Amino acid sequence: MIDQRVFKFPGVKPAAAVMAVLTVIQAIMIILQAQYLSMAIVHLWKQQPIGIIVAPLAVFAVAFLGRHLLTILKDWLLYPFVEKTTKTLRKQFMAKLFDLGPSVVAEKGTGNVVTMGLEGIDKIQTYLMMIIGKVLDLSITPWLILIYIAIIQWKEALFLLAIYPLIIFFMIILGLAAQAKADKQYAGYQRLSNHFVDTLRGLPTLKQLGLNETYADNVYHVSEDYRKKTMATLTIAMTSTFALDFFTTLSIAIIAVFLGFGLMNSTIQLLPALVILTLAPDYFAPIRNFANDYHATLNGKNALTAVLDVLQRQTPSDRELLSDRNPVWQDDDALKFDHVNVGYSADDTTLQDISFDVHGFQKVGIIGASGSGKSTLINTLGGFLSPQAGDINVRGTQVPHLDQKAWQRSFFYIPQAPYLFHASLRDNLAFYSPDANDAAVNAAAAKAGLTDWIASLPDGLNTPIGEGARGVSGGQAQRIALARAFLDDSRRILLFDEPTAHLDIETEVELKQTMLPVFDHHLVFFATHRLHWMNEMDYILVMDHGKIVEQGTPAELQQRDGAYVRLRSEMEGATVK
Amino acid sequence: MKGFFATFKNDHWVMPYLRRYRKLLALVLFLGFMTYFCGAALMFNSGYLISRAATHPYNILMIYVPIVLARAFGIGRPAFRYAERLTSHNWVLRIVSDFRKRLYQAVEKQAVAIRQTHQTGDVLSILAEDIDHIENLYLRTVFPLVIGWLLYLFVVIGIGYFSWPFGLLMLLLLGVIVIVMPLLSVAVNGRREFQARQVQRQFYTQLTDAVLGLGDWLISGRRHDFLQQQDAPIDEIAALRRADHHFQWWRNFAIQFVFGAAVIFLVWWAGVMFTHNQAEANWVAAFGLALFPTVDPFSEMSQGVSEWPVYRDSIQRVNALDENAPVKVTQTKIGALAELKLDHVQFTYAGAKRQVIDDLSLTLHPGEKLALLGPSGTGKSTLLKLILGDERPSSGSVTLNGEPIARLQDQRAQLFGVLDQQPYLFNTTVMNNVRLGNLNATDDEVRAAIKAVELDDLIASLPEGYNTEVQEAGSRFSGGERQRLSLARILLQDAPIIILDEPTVSLDPITEQHLLDTVFSVLHDKTIIWVTHHLAGINHVDQVRFIEDGHFDMQGTPADLYRDNARFQSLYDLDRGR
């Protein structure tokens with residue numbers, strides 16, 4: 001019923017202990033409240049003067065207020081724990097994200113990770129706030145009330161005790177059946193919701209096909225079909241609530257009738273009868289509350305599972321094997337891969353048997369068809385992926401993976417669409433060297449060919465760019481990434497992953513002029529489809545189906561007339577006259 | 001409150017449905033009321049029952065009616081609640097179907113504009129969520145509120161029947177719970193909501209930014225900066241939630257406080273009112289207990305309305321949707337295509353200064369094939385919009401057989417086939433997807449089209465063949481295969497003019513070559529306008545034009561350009577890897 005994981009958070013046990021004591025006091029208040037209200041009513045029933053009910057009503061008032069003040073007090077005491085826990089969770093989550101890197105984002109999806117950090121942890125907060133109080137209520141209040149009723153009249157208490165497992169039994173039986181169906185329905189709901197959004201997104205295509213108007217009815221019919229199916233399931237799902245409701249309400253009615261007979265036969269007096277009747281709803285209240293919030297509880301539970309799953313992941317160890325120095329990579333350094341295998345999961349090997357040996361400021365072209373493993377290789381070089389087998393040797397140091405702190409200070413990674421932060425252009429340019437002064441930033445921007453563009457911006461370097469702000473074309477984004485490299489001279493390795501694949505040929509030509517000077521004094525890995533870049537390389541890795549099928553200088557490869565030549569001619573394909 | 005009425009002043013999404021389905025609505029409200037009525041009546045009746053029994057009536061029959069009633073109310077409450085929940089969900093889902101259709105139609109009419117102003121599909125997701133929000137507005141705010149008020153009126157009138165001054169007192173006292181507290185909740189939340197939304201949005205943007213740029217953060221090694229950046233919004237969110245909770249706790253306490261006072265007054269009043277004889281005194285317990293079951297529905301009202309700000313945003317957004325069809329000129333029809341002509345076309349986007357298209361003229365005859373090149377932002381996409389009639393030239397004309405394109409929009413799908421960067425595949429079978437090109441096509445015709453685009457072997461190899469689901473957005477197939485499926489669709493559509501809008505931009509060169517070969521071989525008899533970003537496959541066309549700043553600056557056949565134009569030659573060689 002209660003999640004064991006909740007008790008693992010620091011500070012939960014003292015908080016729960018205090019809460020338990022308060023819950024006991026609260027239960028006593030509930031009993032007092034019922035007792036004294038009944039006393040007042042019995043006085044009136046006996047037609048005694050009105051003044052006599054002042055004292056019992058006053059006690060009732062105090063107990064009633066006390067009961068609800070205790071609710072606040074309980075929340076007040078619990079809240080700092082909950083707040084601290086969720087804050088810590090959020091911070092741990094962010095730290096973990098940073099330590100795990102982009103691979104966890106790639107696996108979970110950006111939207112998913114953001115939702116987890118934002119709404120997911122909100123849900124955990126609600127869950128923690130709710131679950132501790134509800135479980136304590138459920139495990140203390142009904143039983144104290146039951147004991148009190150038993151002292152007054154054991155038969156009614158026995159009935160109330162007997163009905164309890166019955167309620168829980170039906171709740172579980174019906175709840176489980178309904179839950180299974182409801183979950184399926186929820187999946188169906190997600191599908192429908194996605195289907196609807198997809199239909200909206202597919203509208204341009206529908207319009208091209210001349211189907212846009214007729215499709216409106218389709219939208220309606222799909223939705224109506226769904227309504228009918230949903231109602232069928234809801235009918236079952238709500239039966240579980242109905243059962244709970246039915247047994248609790250009917251129990252009260254039966255108790256009333258029992259008491260009525262008891263009173264007629266004089267086996268009980270009015271006062272105890274009234275107390276029992278008043279207490280009966282409070283006896284059932286905790287389980288009803290618990291069932292009502294079942295879904296919120298479930299959401300919180302799932303969110304907790306998802307967040308803990310991320311938090312409990314192993315972060316790579318041995319991250320400091322490579323010694324640090326400035327610059328990390330120098331002219332006489334060497335990087336060696338020896339029979340390296342890489343995969344995204346244990347039972348998958350995307351890259352097999354990768355061996356190569358590069359040194360100094362070589363320009364290494366990586367070429368191959370889509371799916372041949374170019375990006376995986378670049379990701380391994382960037383340390384985003386760890387090899388499953390094989391040896392990597394950097395500057396004579398054997399490392400299990402390239403997720404080395406020192407290595408990370410040695411390179412720039414420039415993908416097809418470099419990410420631009422939601423910040424000023426200046427902050428974006430100086431992302432890797434936040435302490436750079438304006439003169440240095442301007443100089444780097446000039447080298448990257450951005451000066452004219454910056455001059456055309458309303459606030460120059462202070463113009464906000466990134467998602468939701470000013471749009472930046474693909475070519476300019478590449479130039480911003482290049483300016484970052486110009487600005488930070490200590491990083492002497494450049495990893496390019498198809499940087500020009502989506503650019504038109506003319507933009508690419510212009511960009512190439514800017515890019516070539518950066519290649520000097522850098523070790524370059526350049527994965528691309530565009531063949532003309534191979535002319536700028538002095539070593540080429542030809543990839544096919546996760547393997548390096550050929551490597552060597554362009555001249556050697558041309559002469560060998562093997563995979564490289566075949567790939568080139570295939571890529572030139574129909575372009576040849 | 002002002003915001004509340006302002007929201008509904010021009011509303012045409014929420015209120016009309018309350019009116020249209022008013023019978024079902026009345027039923028929902030009745031069932032909801034009966035649920036709580038039975039709950040209160042059960043306690044009322046039970047109080048009377050045991051009081052009466054305590055007077056030792058000589059015959060069981062004297063308390064027979066309350067005994068039967070106790071059981072009836074005991075069964076009635078859960079039964080009504082069950083019925084109420086089923087009816088209200090049915091009601092709301094029915095409206096949602098209407099909403100979906102309406103939203104679709106609104107977006108459909110403005111399809112061009114929406115793509116232009118928002119680009120991404122995010123806005124569409126937000127709109128789709130808005131519909132879910134309105135669904136909750138009914139279930140969580142409107143129904144509980146109205147049912148609560150009905151119950152309130154019933155209690156006040158019921159007591160007022162015995163004594164109108166005391167009825168008035170209850171009117172005021174319970175009024176605090178059912179009117180003042182909800183208003184207070186809206187007011188307090190309204191004040192906090194603006195701030196909350198800003199903090200939330202800031203955190204959302206920042207978190208998304210951090211997650212998307214995680215690779216750069218990692219490489220930069222700025223772990224401390226990264227964590228520090230998130231601290232401020234995390235603290236702000238925590239502070240906001242705390243304030244929220246504190247308000248809720250005290251509000252709920254205030255509700256209970258007023259409620260406790262109402263119970264005490266009620267008992268006191270009953271003590272004064274019903275003490276003339278034993279028969280009257282039997283009613284005291286009934287009144288004393290009856291109020292307790294009403295506290296739940298009453299306090300739910302405040303919780304429901306505090307969600308109002310979320311709903312208000314959604315209501316305002318859907319109401320802001322323009323549902324008017326754009327003004328359309330009188331439509332006409334043309335026969336077989338003879339000529340597509342752009343005559344001195346100029347174009348500037350409404351409200352923009354820069355002229356995107358500057359005096360373009362172009363004539364195409366059936367079967368001619370044209371390639372358009374040029375850097376992004378030079379007007380290629382605008383030109384396509386002008387040709388399709390999505391935009392109208394500021395001056396000059398776009399005509400087919402001499403008819404302005406704006407007058408041929410009804411016939412558009414019969415005139416133009418479009419293959420763009422991301423052709424859309426719907427989440428249904430391969431067969432159904434391809435058949436969208438022509439709904440009257442037979443299975444054999446669909447198969448023939450798929451064979452023509454060389455996918456027949458692939459489809460045949462799938463376990464379910466032509467009945468294979470393409471899955472969401474066609475994710476079952478690769479980029480090149482998706483393009484081929486859309487090409488098959490276009491073959492069935494059989495329009496004389498085909499627009500190719502960078503269909504190969506996301507494909508690798510080998511896939512690209514093969515696709516272009518197929519495209520130009522199956523469409524050999526069509527008029528083709530092909531926008532492309534580089535020169536692969538350029539020999540398939542008989543005319544190349546480069547657009548620069550809204551006008552053509554280089555044109556000719558690929559062979560002539562290669563021979564005579566140094567720039568073309570160098571680009572061409574570059575593309576071939578030289």
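Here is how names work: the chains are called A, B, and so on, in the same order as the sequence lines, proteins then strands, and each is numbered from 1. All figures in this text were calculated on a predicted structure; none of them were measured in a lab.
For an aromatic pair to be called close, the ring centres must be under 6.0 Å apart, and B:Phe257 with A:His68 fails this. For B:Phe426 and B:Tyr424, the distance between ring centers is under 6.0 angstrom. The aromatic ring centres of A:Phe411 and A:Tyr413 sit 6.0 Å or more apart.
For B:Gln278, the parts lying near chain A are the backbone and the side chain together; criterion is any non-hydrogen pair under 4.5 Å. Proximity to chain B (any heavy atom under 4.5 Å) is shown, for A:Arg67, by neither the backbone nor the side chain. Using a 4.5 Å cut-off between heavy atoms, B:Leu207 touches chain A through backbone and side chain atoms alike. Only the side chain of B:Phe226 comes within contact range of chain A, with at least one heavy atom under 4.5 Å from a heavy atom of that chain. Proximity to chain B (any heavy atom under 4.5 Å) is restricted, for A:Asn535, to the side chain, taken from C-beta onward. If you measure heavy-atom distances from B:Leu388 to chain A, you find no contacts under 4.5 Å at all. With a threshold of 4.5 angstrom between heavy atoms, A:Ser266 approaches chain B through its backbone and through its side chain. Neither the backbone nor the side chain of A:Leu244 comes within less than 4.5 Å of any heavy atom in chain B. Using a 4.5 Å cut-off between heavy atoms, A:Ala501 contacts chain B through its backbone alone, with no side-chain atom that close. Heavy atoms of A:Phe384 lying under 4.5 Å from chain B belong exclusively to its side chain. With a 4.5 angstrom heavy-atom cutoff, B:Thr55 touches chain A via backbone and side-chain atoms both. If you measure heavy-atom distances from A:Lys228 to chain B, you find no contacts under 4.5 Å at all. Using a 4.5 Å cut-off between heavy atoms, B:Leu439 touches chain A through its side chain atoms alone. Heavy-atom distances place the side chain of A:Phe64, and not its backbone, under 4.5 Å from chain B. In this structure, chain A has heavy atoms under 4.5 Å from both the backbone and the side chain of B:Asp235. Contact annotation for B:Arg81: only side-chain heavy atoms (C-beta onward) come within less than 4.5 Å of a heavy atom of chain A.
Residues passing the ring pair (Phe, Tyr, Trp, His ring centres under 6.0 Å) test with B:Phe274 are B:Phe162, B:Trp269, B:Phe287, sequence neighbours excluded. Applying the side-chain hydrogen bond (donor to acceptor under 3.5 Å, both in side chains) test to A:Thr71 and every residue at least two apart in sequence or in another chain returns A:Gln26.
With a 4.5 Å cut-off on side-chain heavy atoms, B:Trp268 and A:Val54 count as touching.
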Checklist line | Derivation of the side-chain contact (heavy atoms from CB on, under 4.5 Å) call for B:Val96 and B:Arg100 | finding: CA-CA 6 Å; B:Val96 164; B:Arg100 289 218 160 94; 3.4 Å; yes
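Under a 3.5 Å cut-off, the side chain of B:Asp209 and the backbone N or O of A:His422 do form a donor-acceptor pair.
Looking at A:Asp245 and B:Tyr82, their side chains never bring a donor and an acceptor atom within 3.5 Å of each other.
Between B:Arg242 and A:Glu83 a salt bridge is recorded (basic side-chain N to carboxylate O distance below 4.0 Å).
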